[in-house]
Enquirer: 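Once you've had a glance at the structure underneath, I'll fire off some questions.
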Amino acid sequence: MAEEPRAGRLVVVGLDHRSAPAELRERLFIEEPAVPTALQELRSAGFSEVLTLSTCDRVVAIGIASETEAARNGLQRLARHAGLNENDVLAMARSFEGEAAIAQLFAIASALESQILGEPQVLGQLKAAHRLARELGGLGGELEAVLQAAYACAKRVRSETAIAEHPVSMAACAVQLARDLHGELGRASGLLIGTGDMGQLLVDQLQRAGLGQLVVVARQPHRAEALARAFGCNFASLSELDRLLIGADVIVACQGEGRLALTLPMVAQALRQRRRRPMFFADMAVPRDVEPAINDLDGAFLYGIDDLERVALAGRTQRTLAAEAARAIVAEEARRFSESRAERRAVPAVVALRRRFERLRAEILGETGDVERATELLINRLLHDPSEALRRLAAEDPGLQSDAEGLVRMLFRLEDEA
């Protein structure tokens, strides 16, 4: 008996932060100009529909394949294309097929497979990869359907859990706290005091969040000027600090020279001239740049590294707790999608079965007008082919015959008759 071709199954295969070091993922990373070639390689490996998703956390192929070796062959081709040792890539790869792949894709879209739980970027990255593959002709109905279901799952996770509500890094916490105080940051002015790495990281995040204006001051003027060029903002002399404080809504201090850059009298005077408009201070220096007593002033909100780390730790804890509920949603949505797809695939067989039954009924009614005789003939003809198939299986493969008989009993509820 000739083997029938396998139906297409969803496959998710590649490297991610759980299985491979960043260096290997970076070398396998597929830049946008290389995507057409990568998709062609994957189609040649046995994928009928496919897209590639390359982020800092993962480089994976997501597609429909009927061949058993498609995942392995595709990964080998991508490794060769990147100039990597195929065995090294295969040894670290993670591969999922069928229902496991559906659950994995839903988890990726919901940011449950990211290094930072709940991070929002991955859903946008997946949608961008989806659009590009569609433009390049790499998609069909099956992959389109599972992707749309993944987006719906991600939306439900975000609306029903707190997975993305709590910042989990110190910089993200500081940005959120500044937003809580000032609202949209586009209307806020920033001041960076010093050139420390932690301060630069925070200012970068503030600018990404839309910080309106920024001035850099540092003890070395040339360093302040260089940073101002990097951030696309203005710089000033440290001697102008008192004046600059009056217009600053968000102040990041990162000198760390062992002496206070901002003292209680300086900030008190600035607040008076600001008519108590609030000021947000992030002291990212070790030792401190900002006098702790500033936090007692009405309108001054001071956060040091320890404070931000505590907020970040609380955020990570909250996201971890929310992840349990999110994973339950992913499992439910993946199961629901698999069941609906199985039902859709069964429909053509049911339609064909009904069509055959109707044809036999019409033939018999044309042969006899006796209702009792027609019913007897209909039963005999409906059972003829299944009976012959079961007898043939009993002779050729008793094990398969037993499985087929069990399926017949289940389909027609024959256990109830027993």
Enquirer: Side chains of Ile108 and Leu53: closer than 4.5 Å at any heavy-atom pair?
Expert: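 Ile108 vs Leu53: side chains touch.
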
Enquirer: Find out whether Leu132 and Leu51 are in side-chain contact, i.e. whether some heavy atom of one side chain is under 4.5 Å from a heavy atom of the other.
Expert: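 Contact flag for Leu132/Leu51 side chains = no.
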
Enquirer: If you measure from CD on Glu41 to CZ on Arg77, what distance do you get to the nearest 0.5 Å?
Expert: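 Between atom CD of Glu41 and atom CZ of Arg77 there are 5.5 Å.
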
Enquirer: Is there any side-chain hydrogen bond (donor to acceptor under 3.5 Å, both in side chains) pair reaching into residues 22-39, and which pairs are they, with sequence neighbours excluded?
Expert: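 Those involving residues 22-39 do not exist here.
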
Enquirer: Any pair with a residue in residues 281-299 that passes side-chain hydrogen bond (donor to acceptor under 3.5 Å, both in side chains), sequence neighbours left out, goes on the list, sorted by first then second residue, please.
Expert: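 Those involving residues 281-299 do not exist here.
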
Enquirer: Count the heavy atoms of every other residue, nucleotide or ligand shown that sit under 6.0 Å from CD of Gln207, and state whether that count exceeds 12.
Expert: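 Yes, because the 6.0 Å sphere around CD of Gln207 holds more than 12 heavy atoms from other groups.
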
Enquirer: Is a donor on one side and an acceptor on the other found under 3.5 Å between the side chain of Asp16 and the backbone of Ser19?
Expert: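 Side chain of Asp16 to backbone of Ser19: a pair is present.
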
Enquirer: Any chance you could lay out the side-chain hydrogen bond (donor to acceptor under 3.5 Å, both in side chains) test for Arg223 and Thr195, step after step, and finish with the verdict?
Expert: CA-CA 7 Å; Arg223 296 286 303 279; Thr195 60; 3.1 Å; yes

Enquirer: How would you list, by chain and number, every residue that makes a ring-ring contact (aromatic ring centres under 6.0 Å, His included) with His130, sequence neighbours excluded?
Expert: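 His130 satisfies ring-ring contact (aromatic ring centres under 6.0 Å, His included) with Tyr151 only.
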
Enquirer: Counting N and O atoms only, with roles assigned by atom type, does the side chain of Asp307 sit under 3.5 Å from a partner on the main chain of Gly304, one being a donor and the other an acceptor?
Expert: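 Yes, Asp307 side chain to Gly304 backbone: donor-acceptor pair under 3.5 Å.
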
Enquirer: Do Ser44 and Gln40 have side-chain heavy atoms sitting under 4.5 Å apart?
Expert: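 Heavy-atom side-chain distance check passes, below 4.5 Å.
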
Enquirer: Under 3.5 Å, is there a donor-acceptor pair between the side chain of Ser237 and the main chain of Ser239?
Expert: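 It does hold such a pair.
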
Enquirer: So, do Leu181 and Val250 sit near enough that their side-chain heavy atoms are less than 4.5 Å apart?
Expert: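 The answer is no; the side chains never approach within 4.5 Å.
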
Enquirer: I need the full list of side-chain hydrogen bond (donor to acceptor under 3.5 Å, both in side chains) pairs touching residues 250-268, with sequence neighbours left out, sorted by first then second residue.
Expert: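 Pairs touching residues 250-268 that pass the test: Arg219-Glu257.
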
Enquirer: Take Glu135 and Arg131, measure what salt bridge (charged side-chain N to carboxylate O under 4.0 Å, His left out) needs, and give me the verdict at the end.
Expert: CA-CA 6 Å; Glu135 292 168 4; Arg131 284 193 299 271; 5.8 Å; no

Enquirer: Heavy-atom count around Arg80 CZ within 6.0 Å, excluding the residue itself: above 12?
Expert: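 For Arg80, atom CZ is crowded (more than 12 foreign heavy atoms under 6.0 Å).
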
Enquirer: Are any side-chain N or O atoms of Arg274 and backbone N or O atoms of Pro278, one a donor and one an acceptor, separated by less than 3.5 Å?
Expert: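 Side chain of Arg274 to backbone of Pro278, a donor-acceptor pair under 3.5 Å: yes, one is there.
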
Enquirer: I'd like to check Leu214 versus Leu206 (side-chain heavy atoms, cut-off strictly below 4.5 Å). Are they in contact?
Expert: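 No - every pair of side-chain heavy atoms lies 4.5 Å or more apart.
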
Enquirer: Is any side-chain heavy atom of Leu302 closer than 4.5 Å to one of Leu297?
Expert: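 Answer no - side chains too far apart.
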
Enquirer: Can you establish whether the number of heavy atoms outside Glu99 located under 6.0 Å from its atom CD is more than 12?
Expert: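 Open: at most 12 neighbouring heavy atoms sit under 6.0 Å from CD of Glu99.
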
Enquirer: Distance check, rounded to the nearest 0.5 Å: Asn234 atom CG versus Gln213 atom CD?
Expert: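 The distance works out to 8.0 Å.
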
Enquirer: Enter the distance from Met279:CE to Leu262:CG here, rounded to the nearest 0.5 Å.
Expert: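 If I round to the nearest 0.5 Å, the distance is 8.0 Å.
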
Enquirer: I'd like to know if the side chain of Gln104 and the backbone of Phe96 have a donor-acceptor N/O pair within less than 3.5 Å.
Expert: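 Not a single qualifying donor-acceptor pair exists.
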
Enquirer: Check whether Arg43 reaches the backbone of Ser48 with its side chain - one donor and one acceptor, N or O, closer than 3.5 Å.
Expert: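 Not at all, since once roles are kept as given, no pair shorter than 3.5 Å links the two residues.
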
Enquirer: Determine, for Arg208 against Asp204, whether the closest basic-nitrogen to carboxylate-oxygen distance falls under 4.0 angstrom.
Expert: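 Yes.
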
Enquirer: Can you list every ring-ring contact (aromatic ring centres under 6.0 Å, His included) pair that touches residues 259-303, not counting sequence neighbours?
Expert: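 Residue pairs passing ring-ring contact (aromatic ring centres under 6.0 Å, His included), neighbours aside: Phe280-Tyr303.
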
Enquirer: Yes or no on side-chain contact (heavy atoms from CB on, under 4.5 Å) for Leu313 and Arg310, after CA distance, side-chain angles and deciding distance?
Expert: CA-CA 5 Å; Leu313 180 59; Arg310 278 194 294 272; 5.7 Å; no

Enquirer: side-chain contact (heavy atoms from CB on, under 4.5 Å) for Leu15 and Val89? Distances and angles first, verdict last.
Expert: CA-CA 8 Å; Leu15 305 181; Val89 173; 4.3 Å; yes

Enquirer: Apply side-chain contact (heavy atoms from CB on, under 4.5 Å) to residues Met92 and Asp88 and explain how you reach the verdict.
Expert: CA-CA 7 Å; Met92 295 187 183; Asp88 290 345; 5.9 Å; no

Enquirer: Closest approach of Val60 and Gly14, non-hydrogen atoms and distance?
Expert: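 It is CG1-CA, 4.0 Å.
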
Enquirer: Verify whether one side chain among Gln176 and Asp180 offers a donor that lies under 3.5 Å from an acceptor in the other.
Expert: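 The answer is yes; a qualifying pair exists.
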
Enquirer: Output yes when Arg187 and Glu184 qualify as a salt bridge under the 4.0 Å nitrogen-oxygen rule, no when they do not.
Expert: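 Salt bridge between Arg187 and Glu184, a charged N being under 4.0 Å from a carboxylate O: no.
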
Enquirer: Locate the shortest heavy-atom distance separating Ala253 from Val290; write the atom from each residue and the value.
Expert: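 Heavy-atom minimum between the residues: CB-CG2, 3.9 Å.
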
Enquirer: Ignoring hydrogens and geometry, is there a side-chain-to-backbone donor-acceptor pair from Ser338 to Ala334 under 3.5 Å?
Expert: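 Yes.
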
Enquirer: CD1 of Ile246 to OG of Ser189: how many Å apart, nearest 0.5 Å?
Expert: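 Answer for the CD1-OG pair, Ile246 versus Ser189, is 13.0 Å.
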
Enquirer: side-chain hydrogen bond (donor to acceptor under 3.5 Å, both in side chains) with Asp57: which of Gln121, Arg18, Gln115, His17?
Expert: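 Among the candidates, only Gln115 passes.
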
Enquirer: Apply side-chain contact (heavy atoms from CB on, under 4.5 Å) to residues Leu227 and Val203 and explain how you reach the verdict.
Expert: CA-CA 11 Å; Leu227 264 186; Val203 166; over 6 Å; no

Enquirer: Given side chains that start at C-beta, do those of Leu90 and Leu75 come closer than 4.5 Å, heavy atoms only?
Expert: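 Counting from C-beta outward, Leu90 and Leu75 do come under 4.5 Å.
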
Enquirer: Considering all heavy atoms of both residues, which atom of Leu10 and which atom of Ala101 are nearest to each other, and what is their separation?
Expert: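 Looking at all heavy atoms of both residues, the shortest contact is O-CB, 3.3 Å.
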
Enquirer: Are Val252 and Ile193 packed together at the side-chain level, in the sense that at least one heavy-atom pair is separated by less than 4.5 angstrom?
Expert: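 No; the side chains remain at least 4.5 Å from each other.
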
Enquirer: Minimum heavy-atom separation for Leu117 to Ala323, with atom names?
Expert: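 Smallest interatomic distance, heavy atoms only, reads CD1-CB, 4.0 Å.
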
Enquirer: I'd like to know if the side chain of Ser54 and the backbone of Ile30 have a donor-acceptor N/O pair within less than 3.5 Å.
Expert: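 Between the backbone of Ile30 and the side chain of Ser54 there is a qualifying donor-acceptor contact (under 3.5 Å).
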
Enquirer: Quick test of your reading of the model: are Arg336 and Glu333 salt-bridged, counting only N-O distances below 4.0 Å?
Expert: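 Here Arg336 pairs with Glu333 in a salt bridge, since their nearest N and O are under 4.0 Å apart.
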
Enquirer: Which residues satisfy the side chain to side chain donor-acceptor pair (under 3.5 Å) test with Gln148, sequence neighbours excluded?
Expert: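 Result, side chain to side chain donor-acceptor pair (under 3.5 Å) vs Gln148: Glu144.
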
Enquirer: Sub-3.5 Å donor-acceptor pair from the side chain of Glu113 to the main-chain atoms of Ala107, do we have one?
Expert: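 A pair under 3.5 Å: no.
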
Enquirer: Looking at Arg158, is its backbone amide N or carbonyl O close enough to the side chain of Thr161 to form a donor-acceptor pair, meaning the two atoms are under 3.5 Å apart?
Expert: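 Not confirmed, Thr161 side chain does not pair with Arg158 backbone.
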
Enquirer: What pair of heavy atoms forms the shortest contact from Ala300 to Val267, and how long is it?
Expert: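 Closest approach of Ala300 to Val267: CB-CG1, 4.5 Å.
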
Enquirer: To the nearest 0.5 angstrom, please state how far the CG atom of Asn85 sits from the CG atom of Leu24.
Expert: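 Result: 9.5 Å between the selected atoms.
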
Enquirer: Would you give the length of the straight line joining atom CG of Leu78 to atom CG of Leu42, rounded to the nearest 0.5 angstrom?
Expert: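 That separation rounds to 4.5 Å.
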
Enquirer: Considering all heavy atoms of both residues, which atom of Ala162 and which atom of Ala322 are nearest to each other, and what is their separation?
Expert: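 Minimum heavy-atom contact is C-CB, 3.7 Å.
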
Enquirer: Between Glu119 and Arg319, does any NZ, NE, NH1 or NH2 come within less than 4.0 Å of an OD or OE carboxylate oxygen?
Expert: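 Glu119 and Arg319: not salt-bridged.
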
